[in-house]
**Student:** 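Below: one structure in structure tokens.
Quick note on labels: first sequence line is chain A, next is B, and so on, each numbered from 1. Values below: every heavy atom of this structure, side chains too, minus hydrogens, waters and symmetry copies.
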Protein chains: 2
Amino acid sequence: MDQVEIFKALSNKTRLQILAWLKEPELNFPGQLEHTNFQDGVCVGQIQQKSGLTQSTVSEYLALLQRAGLVESKRKGQWTYYKRNEAAFEKLSQLILSNV
Amino acid sequence: MDQVEIFKALSNKTRLQILAWLKEPELNFPGQLEHTNFQDGVCVGQIQQKSGLTQSTVSEYLALLQRAGLVESKRKGQWTYYKRNEAAFEKLSQLILSNV
DNA sequence: TTGGTATATCGGAAAATTCCGATATATCTT
DNA sequence: AAGATATATCGGAATTTTCCGATATACCAA
């Protein structure tokens, strides 16, 4: 758990927004077919549309969030689904009280 | 409470280190005379010595931490004492669970 | 195999951050 | 007032981050 890497990942308005959206996928990504059940999260294209940034930027942002451990991804066919890693946020919350 | 500003302030190893040192001033800054009682925190020079960075850099880092609300300062004569704003860390810890 | 769709990676211009040395300001002492 | 000490601010070189367009890769469908 690299603290600086995590805080850098959180130091961007769009990335914070993506993380917030991923808290309620059903609400924030109605465009994604429900049969996916949002079990594995939301695919890159949905997030890209909503963010208004380019595909490459969003893909890189998600990879960056994943390297920091804040999200997890799962490839399914041609789609990559991303979802929050809630345990990481709980750890981070604790860490701020105990270590920072 | 500007989230991005806070996370940016925390995205630096030296600044995290300074915040950690300020948790136990008596232990980490024995050079500072005890009559100050560390009531108002630690002065810039002590932090500068310990960090190994230049005076200007440390002064700017402390100002940056203050703008983010993570530390408070008190001028006393020619010294400026900095101490942690513990309430800010508690808020941040909560915020990570509820908003991020 | 060919073309279409979803995502990842590359190369780079512009903006922000890091950290420095020089200098300015504030306060204390004599 | 003059010099010493503590801190703040300024200007800038080097590095990192932001975000893009172009291109590569992976998978699917006909």
**Student:** I need the NZ-C1' distance between B:K76 and D:dT5, as an integer number of Å.
**Tutor:** 18 Å

**Student:** If only side-chain N and O atoms count, and only distance matters, is there a donor-acceptor pair under 3.5 Å linking A:T54 with A:T57?
**Tutor:** yes

**Student:** I want to confirm an ordering. Mapping B:G77 and A:W79 to their closest nucleotides on DNA chain C, which one lands closer to the 5' end?
**Tutor:** A:W79

**Student:** Distance under 6.0 Å and angle within 45° of the ring axis: does B:R84 meet both against B:F89?
**Tutor:** yes

**Student:** Whole Å only: how far is the CD atom of A:Q46 from the P atom of C:dT5?
**Tutor:** 16 Å

**Student:** A:I47 has an atom CD1; how far is it from atom P of C:dA6, in whole Å?
**Tutor:** 14 Å

**Student:** For A:S11 and B:S11, does a side-chain donor sit closer than 3.5 Å to a side-chain acceptor?
**Tutor:** yes

**Student:** A:L62, B:V100: one ILVMFWY side-chain cluster at the under-4.5 Å cut-off?
**Tutor:** yes

**Student:** Would you mind reading off the distance between A:R67 atom CZ and D:dT16 atom P, rounded to a whole angstrom?
**Tutor:** 14 Å

**Student:** Would you indicate which nucleotide in C:dT27, D:dC28, C:dT7 comes nearest to any side-chain atom of A:V44?
**Tutor:** C:dT7

**Student:** Output the distance between atom CG (B:N12) and atom CG (B:L65), rounded to the nearest 0.5 Å.
**Tutor:** 8.5 Å

**Student:** So does B:D40 pair up with B:K76, basic N to acidic O under 4.0 Å?
**Tutor:** yes

**Student:** Measure the distance from CG on A:D40 to P on C:dT7 and round it to the nearest whole Å.
**Tutor:** 13 Å

**Student:** Rounding to a whole Å, what distance do you find between B:Q78:CD and C:dT29:P?
**Tutor:** 7 Å

**Student:** Taking the six-membered ring for Trp, are A:W21 and A:F29 parallel (under 30°), tilted (30 to 60°) or perpendicular (over 60°)?
**Tutor:** perpendicular

**Student:** When the distance from CZ of A:F29 to P of C:dA6 is rounded to whole Å, what number comes out?
**Tutor:** 16 Å

**Student:** Identify the heavy atoms of B:Q48 and B:S51 that sit nearest to each other, and give their distance.
**Tutor:** O-OG, 2.9 Å

**Student:** Go through the steps for A:S73 and A:T80 under the test side-chain hydrogen bond (donor to acceptor under 3.5 Å, both in side chains), then give the verdict.
**Tutor:** CA-CA 6 Å; A:S73 73; A:T80 309; over 6 Å; no

**Student:** Between B:Y82 and D:dA8, is there a side-chain N or O to OP1/OP2 distance below 4.0 Å?
**Tutor:** yes

**Student:** So which of residues 1-20 of chain A are in contact with DNA chain D, with a heavy-atom cut-off of under 4.0 Å?
**Tutor:** A:K8, A:S11, A:N12, A:R15

**Student:** Kindly state which residues belonging to residues 51-64 of chain B come within less than 4.0 angstrom of DNA chain D, counting heavy atoms of the residue only, listed by number.
**Tutor:** B:Q55, B:S56, B:S59, B:E60

**Student:** In whole angstrom, what separates A:Y81's OH from C:dT7's C1'?
**Tutor:** 12 Å

